[in-house]
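All values below were derived from every heavy atom in this structure, side-chain atoms included, with hydrogens, water molecules and symmetry-related copies excluded. In each ligand, atom 1 is the first atom listed, and ligand 1 is the first ligand listed.
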Amino acid sequence: MKSFKEMYEAVKDLNPKIVAVAQAADVDVLLAVKDAYEKGIIKAVLVGDKSEIERLALSISMPLKDHEIIDVKDDEKACRAAAKLVSDGQADMIMKGLVPTSVILKAVLDKEFDLRSDRLLSHVAVFESSFNRLMLLSDAAMNISPDLKAKIDIIYNAAYVAKKLCIRDPKVAVLAAVEMVNPAMQATIDAAILAKMSDRGQFKGMIVDGPLALDNALSIESAYHKGIISTVAGNADILIVPDIEAGNMLYKAITFIANKRIAGIIVGAKKPVILTSRSDSKESKFNSILLASIVASDKNI
Ligand code: COD
């Protein structure tokens with residue numbers, strides 16, 4: 001798949017998923033839910049301040065008769081109520097509404113809801129790049145300062161999403177500030193170890209290389225100028241960032257500076273969590289619903 005349009009084509013005929021929206025009283029969240037509902041992709045359970053949800057829904061001409069509303073005002077209780085809906089099998093996935101990321105993630109991680117699997121949970125963003133293809137970025141929103149072991153899981157989670165998007169043998173660039181190993185920069189050491197693991201066949205179904213600076217991950221000319229010979233350089237499908245600071249800034253640069261369309265979800269839990277920034281557009285929230293629907297689908301799309 002090369003675009004969100006193709007992702008939409010892939011999900012439009014699937015059975016609609018039920019989405020539990022935590023703190024749904026937000027115009028862009030409701031617009032995304034309305035659009036996805038009207039296109040037959042989802043049904044929603046709206047958890048949040050009922051009177052505020054009704055007021056906002058009226059302002060965007062969104063009929064509420066087809067959506068259940070659960071009246072919860074407090075952020076933590078709303079996230080826990082949404083997690084419980086998924087845990088009880090009444091919803092297929094959770095969507096973050098107008099609530100801080102850490103609050104919804106703590107609910108998802110709470111053992112009471114049994115949503116964890118044996119995998120690390122990590123955030124995967126998908127964006128339409130300038131190279132006429134979808135690219136993935138991880139982890140921009142969950143794991144704050146992943147160690148080598150966590151980075152391995154982050155790579156596997158991102159590759160899992162890439163495969164759901166029909167990206168075969170994804171090329172994974174492990175990013176750092178420089179492309180040479182510098183013992184003073186832990187990101188370069190981790191990247192070099194991950195690249196060596198890939199050389200030795202320790203990553204199945206993907207090629208991992210690093211350290212790569214962002215320019216030579218994206219541009220073959222840039223890599224050539226620096227004398228880097230790598231099948232990943234200039235061809236990366238997946239960008240792995242060293243920590244949440246780098247990831248979050250790259251994510252926001254993609255949306256606010258480059259004006260690219262993006263989607264974001266948490267993977268590794270038993271069900272996907274639709275997780276965008278509160279400032280993301282309604283289109284990004286809609287695209288994230290598409291992404292979660294593809295990942296949640298058993299069907300080989
Ligand atoms: N995957 C699986 N299990 C995890 C993960 C993970 N990524 N993180 C924590 N756990 C488990 C731990 O093993 C433990 O059993 C339990 O969850 C609690 O772990 P803590 O105490 O380390 O975690 P918390 O609850 O303090 O914090 C987890 C958060 C995800 C909330 C935290 O890492 C966080 O705030 N991340 C950043 C979120 C954020 O602010 N993003 C902003 C960008 S939008």
Side-chain angles (χ1 to χ4, degrees), residues 21-24 26 28-29 32 74-84 86-87 93-127 136-161 174-175 187 190 194 238-257 260-289 291-292 295:
V21 187
Q23 285 301 37
D26 174 87
D28 287 332
V29 169
D74 174 75
D75 279 354
E76 193 184 326
K77 286 184 182 149
C79 290
R80 292 179 68 79
K84 188 164 184 339
V86 177
S87 174
M93 46 207 196
I94 305 177
M95 178 171 181
K96 174 188 153 183
L98 195 60
V99 66
T101 298
S102 59
V103 179
I104 191 158
L105 291 180
K106 279 174 193 277
V108 172
L109 287 170
D110 192 319
K111 284 192 175 142
E112 180 185 332
F113 303 120
D114 192 28
L115 293 174
R116 289 197 218 173
S117 67
D118 53 1
R119 294 158 63 191
L120 184 87
L121 276 68
S122 57
H123 185 263
V124 180
V126 175
F127 60 98
L136 288 76
L137 162 68
S138 190
D139 177 333
M142 182 162 191
N143 292 280
I144 294 173
S145 188
D147 60 11
L148 182 64
K149 186 167 179 295
K151 285 178 186 172
I152 294 170
D153 291 346
I154 286 170
I155 289 172
Y156 271 113
N157 280 350
Y160 167 77
V161 175
V174 187
L175 298 181
D190 288 353
L194 293 163
I238 298 174
L239 304 174
I240 298 295
V241 290
D243 60 22
I244 197 170
E245 319 286 359
N248 198 268
M249 286 178 218
L250 186 51
Y251 181 103
K252 301 242 161 98
I254 290 165
T255 52
F256 284 93
I257 301 177
K260 295 292 180 194
R261 304 198 300 162
I262 203 157
I265 57 168
I266 298 286
V267 289
K270 287 181 182 162
K271 304 282 174 174
V273 180
I274 300 159
L275 196 137
T276 52
S277 170
R278 277 166 286 174
S279 59
D280 276 333
S281 64
K282 61 180 188 301
E283 289 81 13
S284 293
K285 294 180 198 304
F286 174 79
N287 292 334
S288 304
I289 293 172
L291 179 60
V295 169

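At a heavy-atom cutoff of 4.0 Å, ligand 1 is contacted by the side chain of N248 but not by its backbone. Proximity of M142 to ligand 1, defined as any heavy-atom pair under 4.0 Å, is shared by backbone and side chain alike. The proximity of T101 to ligand 1, defined as any non-hydrogen pair under 4.0 Å, is limited to the side chain.
Taking every heavy atom of N143 and a limit of under 4.0 angstrom, the matching atoms of ligand 1 come to 7 (N). Each of the following atoms of ligand 1 lies closer than 4.0 Å to a heavy atom of L105: 30 (C). Within the listing of ligand 1, atoms 33 (O), 34 (C), 36 (N), 37 (C) sit less than 4.0 angstrom from a heavy atom of I144. Annotation for ligand 1: atoms under 4.0 Å from non-hydrogen atoms of L120 are 1 (N), 6 (C), 7 (N).
Put simply, the side chain of I238 does not reach to within 4.5 Å of the side chain of V124, judged on heavy atoms. Side-chain contact check for I154 versus L120: some heavy-atom pair is nearer than 4.5 Å. Between K96 and V273 there is no side-chain heavy-atom pair separated by less than 4.5 Å. When side chains are defined from C-beta on, L98 counts as touching R278, because their heavy atoms get closer than 4.5 Å. Here the side chains of R119 and Y156 are not in contact, with every heavy-atom distance at 4.5 Å or above. Side-chain contact between F127 and L250 is absent, with no heavy atoms from C-beta onward closer than 4.5 Å.
Remark: among candidates G264, A141, G268, the nearest residue to atom 38 (C) of ligand 1 is A141, based on non-hydrogen atoms. Taking all heavy atoms of V108, L109, L275 into account, the minimum distance to atom 9 (C) of ligand 1 is reached by L109.
At a 3.5 angstrom cut-off on N or O pairs, R116 counts as close to ligand 1.
Residue contact annotation: S277 has no non-hydrogen atom under 4.0 Å from ligand 1.
Using a cutoff of 4.0 Å between basic side-chain nitrogens and carboxylate oxygens, K151 and D190 are scored as salt-bridged.
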